[in-house]
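Fair warning: this is a prediction, and the values are worked out from it, not measured in the lab. All heavy atoms count here, side chains included; hydrogens, waters and symmetry mates do not. Numbered from 1 within each chain, the chains take letters A, B, ... in sequence-line order.
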Amino acid sequence: MDYKKTIAQRIASIINIDAKEIEKMIEIPPDAALGDFALPCFKLSKAMKKSPKLIADELVSSIDKEGFEKIDSVSGYLNFFIEKAAFTEKTILNIISEGNCYGHSNDGAGKTITIDYSSPNIAKPFHVGHLYSTAIGNSLYKLFSSQGYKAIGINHIGDWGTQFGKLITAYDRWVDKDALEKNPINEMLRIYVKFHEEAEKDPELEDIARQHFKALEDGCPHETELWKKMKDLSMKEFNKVYDMLGIKFDSYAGESFYNDKMDAVIDELEAKGLLTESNGAQVVNLDAYNMPPCIIKKSDGATIYATRDLAAAIYRDKTYHFYRNVYVVGSEQTLHFKQVFTVLKLMGYDFADRCIHVGFGLVKFEDKKLSTRKGDVIFLEDLLNEAVSRSRELIENKNPNLENKDDLAKKIGIGAVIFTYLKNNRERDIIFNWNEILNFDGETGPYVQYTYARGRSILRRASQEDFSAAPDFTDMVTPEEFELSKLLSAFNNAINLAIEKYEPSIVTRYVIDVAKSFNKLYNMHPILSCENKGLKSARLKLVEASTIVIKNALSLLGIEVVEKM
RNA sequence: GCGUUCAUAGCUCAGUUGGAUAGAGCAACGGCCUUCUAAGCCGUGUGUCGGGGGUUCGAAUCCCUCUGGACGCACCA
């Protein structure tokens with residue numbers, strides 16, 4: 001039964017206020033001792049011209065109490081206590097029958113969501129900053145998919161732009177071809193950093209770089225060949241990281257993919273009278289929107305990222321007919337996306353309103369920013385490897401007899417890193433700290449995985465016992481059992497909120513709560529040695545339901561579970 | 001200077017969209033493994049919710065203002 005709805009209907013039948021209005025007012029008390037649901041009567045006070053306390057008192061005496069243990073009136077609040085056994089039984093059995101699909105729905109059937117995430121730049125290292133977009137985007141992909149949306153994961157690879165002019169300039173002068181063979185990203189990073197050092201002394205290099213990029217756009221063979229080579233080498237490296245993370249995309253259409261689609265966009269802007277010339281560049285003036293102009297074509301005739309983003313948005317609309325077009329890109333680009341969406345709107349594209357920029361904070365060191373240009377970066381691969389070897393060490397320490405230790409270490413270590421990235425509000429900056437990210441105690445990925453493994457261990461033992469009894473929930477009334485069941489039943493709320501706010505951390509927080517609640521119960525109430533047969537069986541069901549929810553929730557975050565650890 | 005955004009315990013952060021005594025984790029200290037995995041559980045302490053106004057029966061949450069930080073502000077992405 002949907003308690004909020006039921007309560008609202010019963011109250012609506014007594015007083016003359018719409019049930020939906022009442023439903024919105026119902027809340028969950030801060031302390032379970034106060035009740036499971038509550039209706040604050042302060043808002044009703046004005047309309048009914050009575051004191052909140054009197055309203056609550058009158059409702060208590062007249063409301064239908066079926067399905068509730070008791071209903072209290074406490075200082076203006078109407079507090080509802082639901083019948084525990086009936087609730088836990090229904091919740092738990094429902095979760096088990098839905099299994100891997102628990103939490104899923106068809107709410108988004110027929111709607112397509114394009115999600116642009118990860119999008120690293122070719123010829124640059126995939127560093128710890130890139131994981132933010134990658135992890136958030138991947139989780140959103142799974143969240144939307146779980147609700148029946150058709151999600152399209154797009155890796156908008158940064159394989160075009162002025163940086164290639166710089167790289168080609170640097171390649172021509174300083175590349176070490178042996179080093180490039182052995183460790184392509186390192187060598188490309190080295191010459192990219194050297195370019196910026198040299199350009200400080202000799203600004204002419206910047207001009208040469210721009211010329212090379214223009215030549216690339218015009219299809220000159222030398223530039224094109226080098227571009228291809230660097231792209232192939234980079235993609236190989238990126239795919240190594242995606243394999244470690246277990247992430248795949250539906251499309252790798254990067255910036256270069258739109259190279260032949262930009263002229264049409266520029267023509268269209270021209271035809272719609274939106275282009276003006278300013279200091280030799282072609283721009284769309286956005287004064288009316290209190291924004292700087294959006295540059296479409298630079299004064300040297302080359303395009304810029306805004307042009308490519310316009311072409312990409314139009315392409316995605318035509319190709320996917322999206323319901324939402326989501327960009328998981330750092331918050332520092334907020335203005336850029338506002339400009340692009342506004343230009344789309346000015347072009348007459350209504351889908352502009354369905355384009356969403358999902359921003360997130362910076363990953364930085366304690367004292368400074370990560371900077372590819374200066375070479376101040378930590379490779380994500382190094383972080384992941386470090387996390388894996390740390391968890392491998394812990395396994396050796398704590399449980400050396402486990403099988404497949406390497407595989408376990410990988411799932412735990414990488415899961416820990418992803419979990420950390422998805423734990424907090426995405427708008428927050430992440431201050432990169434090795435000790436913190438490699439700490440596996442407390443509210444961490446390993447904690448949740450450990451909880452799952454504990455639950456699975458109990459279920460394994462139970463299945464080996466010669467035990468069978470029909471589950472009987474009538475005695476399942478302790479606060480721990482009831483609280484855990486309530487949490488498990490709230491999985492969908494967490495998912496829906498996460499989707500509404502494009503915020504995976506809501507699911508991360510939720511699964512931490514489930515794990516905490518489970519561990520508390522685990523320590524207080526024996527399960528396998530429970531003497532009441534019916535209750536033991538019911539508790540086993542609760543354990544099973546808990547493992548299902550943990551597994552499904554972690555899966556929405558892109559994290560795997562382990563059976564033992 | 002303009003714009004966006006943030007400020008909650010020593011540190012890192014939650015806070016269910018305005019509700020009941022503001023909560024976790026880490027760090028510190030103490031307790032719990034001959035009983036289901038101690039990567040766990042239990043206990044102990046700390047707050048002018050950045051300051052000041054306002055709206056409201058009621059504000060960490062909404063509005064204004066000040067202070068401090070982050071990010072952005074046309075030919076990088």
Looking at the angle O4'-C1'-N9-C4 for a purine or O4'-C1'-N1-C2 for a pyrimidine, is B/U8 syn or anti, with syn meaning within 90° of 0?
anti
Nearest-angstrom distance, P atom, B/C62 to B/A14:
15 Å
How far apart are the C-alpha atoms of A/E560 and A/K410, what are their side-chain angles, what is the distance that settles it, and do they pass the salt bridge (Lys or Arg N to Asp or Glu O under 4.0 Å) test?
CA-CA 10 Å; A/E560 293 184 80; A/K410 230 184 98 183; over 6 Å; no
Testing A/I55, A/N79, A/L44, A/I7 for side chain to side chain contact (heavy atoms under 4.5 Å, CB included) with A/L39, which one passes?
A/L44
Calculate the interatomic distance between A/L167 atom CG and B/A77 atom P; express it in whole Å.
13 Å
Shortest non-hydrogen contact from A/I418 toward A/L557
CG2-O, 3.6 Å
At under 4.0 Å between heavy atoms, what does A/D309 touch on the DNA or RNA strands: base, sugar-phosphate, or nothing?
nothing
Determine: side-chain N/O of A/K516 to OP1/OP2 of B/A24, distance under 4.0 Å, yes or no.
no
Please tabulate, for side-chain N and O atoms in residues 283-295 of chain A, each donor-acceptor pair with protein atoms closer than 3.5 Å (sequence neighbours left out).
unit_1 : atom_1 : unit_2 : atom_2 : d
A/N285 : OD1    : A/D287 : N      : 2.8
A/N285 : ND2    : A/D287 : OD2    : 3.4

What integer distance in Å separates A/K364:NZ from B/G72:P?
10 Å
Which of residues 278-286 of chain A have a heavy atom under 4.0 Å from RNA chain B?
A/S278, A/N279, A/A281, A/V283
B/A14 phosphate, OP1 or OP2, under 4.0 Å from A/R428 side-chain N/O
yes
Show each protein N/O and nucleotides 34-37 of chain B N/O combination with a separation under 3.5 Å, one pair to a line.
unit_1 : atom_1 : unit_2 : atom_2 : d
B/C36  : O3'    : A/R461 : NE     : 3.2
B/C36  : O2     : A/I527 : N      : 3.3
B/C36  : O2     : A/L528 : N      : 2.9
B/C36  : N3     : A/I527 : N      : 3.1
B/C36  : N4     : A/Y522 : O      : 2.3
B/C36  : N4     : A/H525 : O      : 3.0
B/U37  : OP1    : A/S457 : OG     : 2.7
B/U37  : OP2    : A/S457 : OG     : 3.3
B/U37  : OP2    : A/R461 : NE     : 3.4
B/U37  : OP2    : A/R461 : NH2    : 3.2
B/U37  : O5'    : A/Y522 : OH     : 3.4
B/U37  : O2'    : A/Y450 : OH     : 2.3
B/U37  : O2'    : A/R454 : NE     : 3.1
B/U37  : O2     : A/M565 : O      : 3.1
B/U37  : N3     : A/M565 : O      : 2.7
B/U37  : O4     : A/M565 : N      : 3.0

On a whole-Å scale, what distance lies between the C1' atoms belonging to B/G15 and B/A22?
8 Å
Residue list, side-chain hydrogen bond (donor to acceptor under 3.5 Å, both in side chains) with A/D57, at least two apart or on another chain:
A/K53, A/S73
Check this one for me: any side-chain N or O of A/R308 less than 4.0 Å away from OP1 or OP2 of B/A77?
yes
Which is true for A/N493 with a 4.0 Å heavy-atom rule: it touches a base, it touches only sugar-phosphate, or it touches nothing?
nothing
Check the pair A/E480, A/H525 against side chain to side chain donor-acceptor pair (under 3.5 Å), reporting the backbone distance first and the verdict last.
CA-CA 9 Å; A/E480 291 75 27; A/H525 303 290; 2.9 Å; yes
Run the side-chain hydrogen bond (donor to acceptor under 3.5 Å, both in side chains) test against A/N155 and tell me which residues pass, sequence neighbours left out.
A/Y242
For atom C1', what is the distance between B/C73 and B/G19, given to the nearest Å?
41 Å
Which residues share a salt bridge (charged side-chain N to carboxylate O under 4.0 Å, His left out) with A/K70, sequence neighbours left out
A/D72
Can you list everything that forms a ring-ring contact (aromatic ring centres under 6.0 Å, His included) with A/F518? Sequence neighbours excluded, please.
none
Quantified in whole Å, what is the C1' atom distance between nucleotide B/U8 and nucleotide B/G50?
10 Å
Sticking with atom C1', work out how far B/C76 lies from B/G68, rounded to a whole angstrom.
30 Å
For B/C41, does either OP1 or OP2 sit under 4.0 Å from a side-chain N or O belonging to A/K520?
no
Between A/A306 and A/T334, name the one whose nearest nucleotide on RNA chain B is closer to the 5' end.
A/T334
Quick one about A/R308 and A/N259 (side-chain donor to acceptor, distance below 3.5 Å, no hydrogens or angles considered), yes or no?
no
More than 12 non-hydrogen atoms from neighbouring residues, nucleotides or ligands closer than 6.0 Å to CD on A/E465, yes or no?
yes
All N/O contacts under 3.5 Å from nucleotides 15-19 of chain B to the protein, with atom names and distances to one decimal?
unit_1 : atom_1 : unit_2 : atom_2 : d
B/U17  : O4     : A/E500 : OE2    : 3.1
B/G19  : O2'    : A/E27  : OE2    : 3.4
B/G19  : O2'    : A/Y77  : OH     : 2.0

Touch check for A/S299, heavy atoms < 4.0 angstrom, all strands: base, sugar-phosphate only, or nothing?
base
Taking salt bridge (charged side-chain N to carboxylate O under 4.0 Å, His left out) as the definition, give me every residue that meets it alongside A/K551, ordered by chain and number, with sequence neighbours left out.
none
Length of the line joining A/L394:CG and B/G40:P, which is rounded to integer Å:
10 Å
Distance between P atoms of B/A59 and B/G18 (Å, rounded)
13 Å
Nucleotide B/C26, atom C1' - distance to CG of A/N439 in whole Å:
7 Å
Between B/U65 and B/A20 - P atom distance, rounded Å
29 Å
Going by the rule side-chain hydrogen bond (donor to acceptor under 3.5 Å, both in side chains), which residues pair with A/D429 if we only count those two or more places apart in sequence or in a different chain?
A/K364
Quick one: is A/Y447 getting a side-chain N or O under 4.0 Å of the B/C41 phosphate, OP1 or OP2?
yes
Any donor-acceptor pair under 3.5 Å linking the side-chain atoms of A/N519 with those of A/Y447?
yes
Give the intermediate values and the outcome of ring-ring contact (aromatic ring centres under 6.0 Å, His included) for residues A/F341 and A/H357.
CA-CA 9 Å; A/F341 299 162; A/H357 172 221; 7.5 Å; no
RNA chain B in dot-bracket form (Watson-Crick or G-U pairs under 3.5 Å, [ ] crossing, | inter-strand) is (((((((..((((.....[...)))).(((((.......))))).....(((((..]....))))))))))))....
For A/K541, what residues pass the side-chain hydrogen bond (donor to acceptor under 3.5 Å, both in side chains) criterion, not counting sequence neighbours?
none
Measuring only the P atom in each nucleotide, how far is B/U44 from B/G58? A whole number of Å is fine.
34 Å
For B/C33, does the O4'-C1'-N9-C4 or O4'-C1'-N1-C2 angle fall within 90° of 0, making it syn, or is it anti?
syn
Regarding A/I395, tell me which of base, sugar-phosphate or nothing describes its non-hydrogen contacts under 4.0 Å with the strands shown.
base
